[in-house]
2 protein chains.
Amino acid sequence: MTVRQPDSALSADAARPSRREQILRAAAQLFAERGSRAVGVDDVGAAVGVTGPAIYRHFASKDAMLAEMLEGISQRLLAGARERVAAAGLDPAAQLRALVTFQVDFALDNPALITVQDRDLGSLPTDDAAAVRRLQRRYVEVWVDVLARLRPEEGTDASRARAHAVFGLVNSTPHSAGRLPREQMAALLAAMAEAAATA
Amino acid sequence: MTVRQPDSALSADAARPSRREQILRAAAQLFAERGSRAVGVDDVGAAVGVTGPAIYRHFASKDAMLAEMLEGISQRLLAGARERVAAAGLDPAAQLRALVTFQVDFALDNPALITVQDRDLGSLPTDDAAAVRRLQRRYVEVWVDVLARLRPEEGTDASRARAHAVFGLVNSTPHSAGRLPREQMAALLAAMAEAAATA
DNA sequence: CACCGATGTTAACGACGGTTCACATCGCGG
DNA sequence: CCGCGATGTGAACCGTCGTTAACATCGGTG
């Protein structure tokens, strides 16, 4: 009954690269491929060389696993975005470039997480879903602030729609997987995203 | 045991607006909100004022229902795209504009279908999934042809990635639902999509 | 060495959900 | 009016799956 919760859900937990992290990674992969509801606890276990119920030594429930996964993604995105903006100085154009390259890199590095994030948020207990949505909203706001300063004549509603559209564009990566070398793909997506953001 | 199959899966079936169509529409809405695996046959039935098992008078199975829905979407998209391109003359730029406005209109008119299409394709029997993917591929090729003629120096792989990115951009509609009046949203998305496609 | 916490295993439970069955109802063509 | 096909209902069936229980193993610590 001793389910260890991470000291802080955000810590990448470099100290213990084992099992728990292993499970989360394998689960993310499987969830991305088939959808969280279609993969059983046994599947996740098998993916790390363990039987199904063993999962419960590391997570309170399947939902808790998904919750931690989605919260982790949202937290990494929010923290990363703020960091990049802060490091980009005061020019909104430079900040936008920083945000775009950050999002592109994240999407190319974590296609599975990107897929799961916007497909399986719905199959989460309401409370956890709300928490994730709060984080997502704050991430969007980072973008909205930059976009709004870049085009002050536009309302924030338009800026928000613009932000979502850019996310959709960049997060299309999992659909056009691997046909282009990563460098080229990154450059293409960044150029398109910037053009769309400033059109 | 008499499950009527539509004369042709593509016909919008204007002759019989009832039940079958009604069920498909309600199911699409529910699937979009919660994910196809999370909604039960009873839910779909209740949405049209009927008990669960009644569904089986109109569809062979829940999977068959989802299959028909997804195939319908893909067929409408493919047919519409070809039509618009043909009507746009020979100028690739004009053809692209036609494709963009078509996709934007479709996405704004059918947010539920857009959502279901790229979330629940995975929870389809392999055969049906393959059929849908074939249609989708052909739709993408329509775009790739136009994009490739518009920028001949780019490889078709890049054009394909470009097409997927534009889809992602336009299909972001369900995420930024209703905050902008439709006209304004359509204009914004079209401008962004065109800028991204030609960046 | 003995104990204990961490980690697994197998077996069983219980709920949910898709599907089928046997039975009503109802409208329409002969 | 009779009967049949279409449509719907409630009850029951059954597989899947998340979860729990009872029991093993094993490495480290007092």
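Naming: A, B, ... by sequence-line order, numbering from 1 per chain.
The distance between atom CZ of Arg37(A) and atom C1' of dA15(C), rounded to the nearest whole Å, is 13 Å. Protein atom CZ of Arg19(A) is 12 Å distant from nucleotide atom C1' of dA6(C), rounded to whole Å. Straight-line distance from the CD atom of Glu21(B) to the P atom of dT7(D): 14 Å, rounded to whole Å. Separating the OH atom of Tyr56(A) from the C1' atom of dA22(D) is a distance of 17 Å, rounded to the nearest angstrom. Atom CG of Asp42(A) and atom C1' of dT16(D) are 10 Å apart (whole Å). Going from atom CZ of Phe59(A) over to atom P of dT20(D) covers 15 Å, rounded to whole Å. The CD1 atom of Ile55(B) sits 13 Å away from the P atom of dT7(D) (whole-angstrom rounding). Spacing between atom CG of Leu66(B) and atom P of dG18(C) amounts to 12 Å, rounded to whole angstrom units.
Within the 4.0 angstrom heavy-atom criterion, no nucleotide atom of any strand lies near Val48(A).
For Lys62(B), counting side-chain heavy atoms from C-beta on, the closest listed nucleotide (dA21(D), dG18(D), dT19(C)) is dT19(C). For Pro53(B), counting side-chain heavy atoms from C-beta on, the closest listed nucleotide (dG8(D), dT10(C), dG10(D)) is dG10(D). The side chain of Val41(B) approaches dG18(C) more closely than any other nucleotide in the set dC23(C), dT19(D), dG18(C). Side-chain atoms of Ala54(A) lie closest to dT9(C) of the nucleotides dT20(C), dT9(C), dT7(D).
Not one N or O on the side chain of Asp145(B) forms a donor-acceptor pair closer than 3.5 Å with the backbone of Val142(B). Remark: the backbone N or O of Glu71(B) is not paired with any side-chain donor or acceptor of Ser74(B) at under 3.5 angstrom. Counting only distance, with no hydrogens or angles, the side chain of Asp128(A) and the backbone of Ala67(A) share no donor-acceptor pair below 3.5 Å.
Distances shown here put a side-chain N or O of Thr51(A) below 4.0 Å from the OP1 or OP2 atom of dT9(C). Distances shorter than 4.0 Å separate some side-chain N or O of His58(A) from OP1 or OP2 on dG8(C). Distances shown here put every side-chain N or O of Arg57(A) at or beyond 4.0 Å from the OP1 or OP2 atom of dG5(C).
Using a 4.0 Å cut-off between charged side-chain N and carboxylate O, Arg182(B) and Asp105(B) make a salt bridge.
Trp143(B) pairs with exactly one of His164(B), Arg162(B), Gln95(B), Gln103(B) by the side-chain contact (heavy atoms from CB on, under 4.5 Å) rule, that one being Gln103(B).
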